[in-house]
Amino acid sequence: MLNVRALARYYAALVDGGLVPPPHSSLSKPLLGTHPHIPKFPSENTSKKQEVKQIHSLLTTKGLLYNPNTSPKDNSKWKTTFLFNTLIRAYLNFGQHQKTLHLFTLMLAHQTPPNSHTFPFIIKAATHSCPSIGTSLHTQVINRGVLYDPFIQTSLLGMYSYFGDLLNACKVFDEISHPSIVEYNAMLDAYAKNGNMSSAYSLFKSMPKRDVVSWTSVINGFAKNGLFGEAIRLFREMMLHDYVKCCFVTPNKATYVSVLSSCANLDERGALYIGKQIHGYIVRNEVFVTIFIGTALIDFYGKAGCLSNAIRVYNQMVVKKVCTWNAIISSLANNGREEQALDMFKKMKGEGLCPNEVTFIAVLTACARAKLVEIGLELFQSMAGEFGLVPIMEHYGCVVDLLARAGLLGEASEFIRRMPFEPDASVFGALLGACKIH
DNA sequence: CTAGGGTTAG
């Protein structure tokens, strides 16, 4: 007989990339050979995906999911709900949103009652599929009498916010009689994501208590809406607040990332000074430089023109991901080191990493700057051919820039004519800019 | 077993 709790723990370990061996059960042997350590390659992730599928099949064939009547015990009903919840979570965490929603319909079809733990997962899955499913889930939540669960309310709020439906997000929030700080923060983020920073800020001011997430949500909201100066100002206020009132709101990794990104994008000389101060603070407080913080630092120094600092941060990073490489390649390309940027690109591929859309913006920019027309065109071709990436407007803009800068104005306009979609202002801008030079 | 904030892009 399967130990349900142990099995759930095993799922959790699978999902979180943990190292826990499977529990004593009919699944006591690993299904797919060895258990990986920290995931390094995407292929390991797919093998875990496969394991979830295998477990699902096992549960089905043993009649544990769809045949609750065979269990004599009275508490088998909640056990089945529990199993469904964990299985749903496993699929959700692998990004299989359709499969997650499908499992939910199966659950209903087999008279397994969803509980308050079920809905947050399902709502998250619906958030990434379509609004109409989301609305019907809201109805389900009401019908099943779990509307006043704070977890579910927060999930619904986040869902409407994601759909750009700020009105319904507000409605959900207004129906919460005594919102917790988490629900306040979800509402702050909803305003910020939908571009309503004045409402975000006034809600922030009116909150009875604020934690790091509250501060970071508003700081990040300012940053995402292009108000970099405001983001930095609020960050300083937060640090001062901490110092004056002795209520310890210390920045965390998300805060650093947001404020560093603001420093990188602020077109004022003071930004370099503030960014350096933040970097200094990170060093002094021995904050662990995560991939996010490292990438933000590289980008910051790259944009500020301190290429040597960008390279130093890059060299100090032990674990690098594609975005880290993208940031250093862009930094090199934007500071007159185009060949080095292309070398980095080669090195990145040599380490087995797959370039993404952003990588190609960076390398195509490098080629355009250095007038490396042949290489640039080859790279553009390789996007779809070698890496299965579909070029978007920005990539076409880069190629137009590449051709036009090199004086090949005729080729550039011909390229625009053969684009698969209507060129936008940035594409013509690249052409006209080059016309001015030539 | 559940909810809130994060990097790279002429």
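Just so it is clear, the structure is predicted and the values come from calculations on it, not from any experiment. All chains are named by letter (A, B, ...) in the order of the sequence lines, taking the proteins before the strands, and each is independently numbered beginning at 1.
Here the two rings, on A/Phe415 and A/Phe380, have centers that are under 6.0 Å apart. Ring centroids of A/Phe300 and A/His279 are separated by 6.0 Å or more, keeping the two rings apart.
Look at CG on A/Leu188: it is 12 Å from P on B/dG6, rounded to the nearest Å. We find that CD1 of A/Ile298 is positioned 9 Å from C1' of B/dT8, with the value rounded to whole Å. Spacing between atom CE of A/Met383 and atom P of B/dA9 amounts to 16 Å, rounded to whole angstrom units. Protein atom NE2 of A/His395 is 12 Å distant from nucleotide atom P of B/dA9, rounded to whole Å. B/dG6 atom C1' lies 14 Å from atom CZ of A/Phe235, rounded to whole Å. One can place CE of A/Met159 at 16 Å from C1' of B/dT2, the figure rounded to the nearest angstrom. Distance, A/Asn115 CG to B/dT2 C1': 9 Å, rounded to whole Å. If you measure from atom CD1 of A/Ile361 to atom P of B/dT7, you get 17 Å, rounded to the nearest angstrom.
Comparing B/dG5, B/dA9, B/dG6 by their closest approach to the side chain of A/Thr216 singles out B/dG5. Taking only side-chain atoms of A/Ser155, from C-beta outward, the nucleotide of B/dG6, B/dA3, B/dG5 with the closest atom is B/dA3. With B/dG5, B/dA3, B/dC1 as the choices, the nucleotide that has an atom nearest any side-chain atom of A/Arg89 turns out to be B/dC1. Checking B/dT2, B/dG5, B/dT8 against every side-chain atom of A/His117, the shortest atom distance belongs to B/dT2. When distances are taken from the side chain of A/Ser180 to each of B/dT7, B/dA3, B/dT8, the shortest belongs to B/dA3. Nearest to the side chain of A/Cys398, among B/dA9, B/dG10, B/dG5, sits B/dG10. Comparing B/dA3, B/dG10, B/dT8 by their nearest atom to the side chain of A/Pro150 picks out B/dA3. Checking B/dT7, B/dA3, B/dT8 against the side-chain heavy atoms of A/Val182 singles out B/dA3 as nearest.
Counting non-hydrogen atoms under 4.0 angstrom, A/Lys321 reaches nothing in the nucleic acid. Within the nucleic acid shown, A/Asp211 comes within 4.0 Å of at least one base atom, counting heavy atoms only. Within 4.0 Å (heavy atoms only), A/Thr324 reaches no atom of the nucleic acid at all. Contacts of A/Asn85 with the nucleic acid, taken as non-hydrogen atoms under 4.0 Å apart, include base atoms. Using a 4.0 Å heavy-atom criterion, one finds that A/Ser330 contacts the sugar-phosphate atoms exclusively. Using a 4.0 Å heavy-atom criterion, one finds that A/Arg369 contacts the bases of the nucleic acid, with or without backbone contacts as well. Contact annotation for A/Thr118: no contact, since no heavy-atom pair falls under 4.0 Å across all strands.
Listed pair A/Lys224 / B/dT7 meets the phosphate criterion, a side-chain N or O lying under 4.0 Å from OP1 or OP2. Contact annotation: A/Lys303 does not reach the phosphate of B/dT7 (side-chain N/O to OP1 or OP2, under 4.0 Å). Close to B/dT7, at under 4.0 Å from its OP1 or OP2, lies no side-chain N or O of A/Lys320. Contact check, A/Asn220 against B/dG6: a side-chain N or O comes under 4.0 Å of OP1 or OP2. Checking the phosphate oxygens (OP1, OP2) of B/dT8, a side-chain nitrogen or oxygen of A/Ser261 falls inside 4.0 Å.
Taking 3.5 Å as the limit, the base of B/dG10 and the side chain of A/Asn334 contain a donor-acceptor pair of atoms between them. Evaluation of atom-type donor-acceptor distances gives no pair under 3.5 Å for the side chain of A/Asn252 against the base of B/dG6.
Formation of a donor-acceptor pair under 3.5 Å by the A/Arg369 side chain with backbone atoms of A/Arg337 is not found in this model. Side chain of A/Asp299 to main chain of A/Thr295: no donor-acceptor pair is present (N/O by atom type, distance under 3.5 Å, no hydrogens or angles).
Ion pairing between A/Lys347 and A/Glu351 fails under the 4.0 Å rule for side-chain N and carboxylate O.
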Working for side chain to side chain contact (heavy atoms under 4.5 Å, CB included), residues A/Leu103 and A/Thr100: CA-CA 5 Å; A/Leu103 261 172; A/Thr100 309; 5.8 Å; no
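A donor-acceptor pair shorter than 3.5 Å can be found between the side chains of A/Ser198 and A/Asn196.
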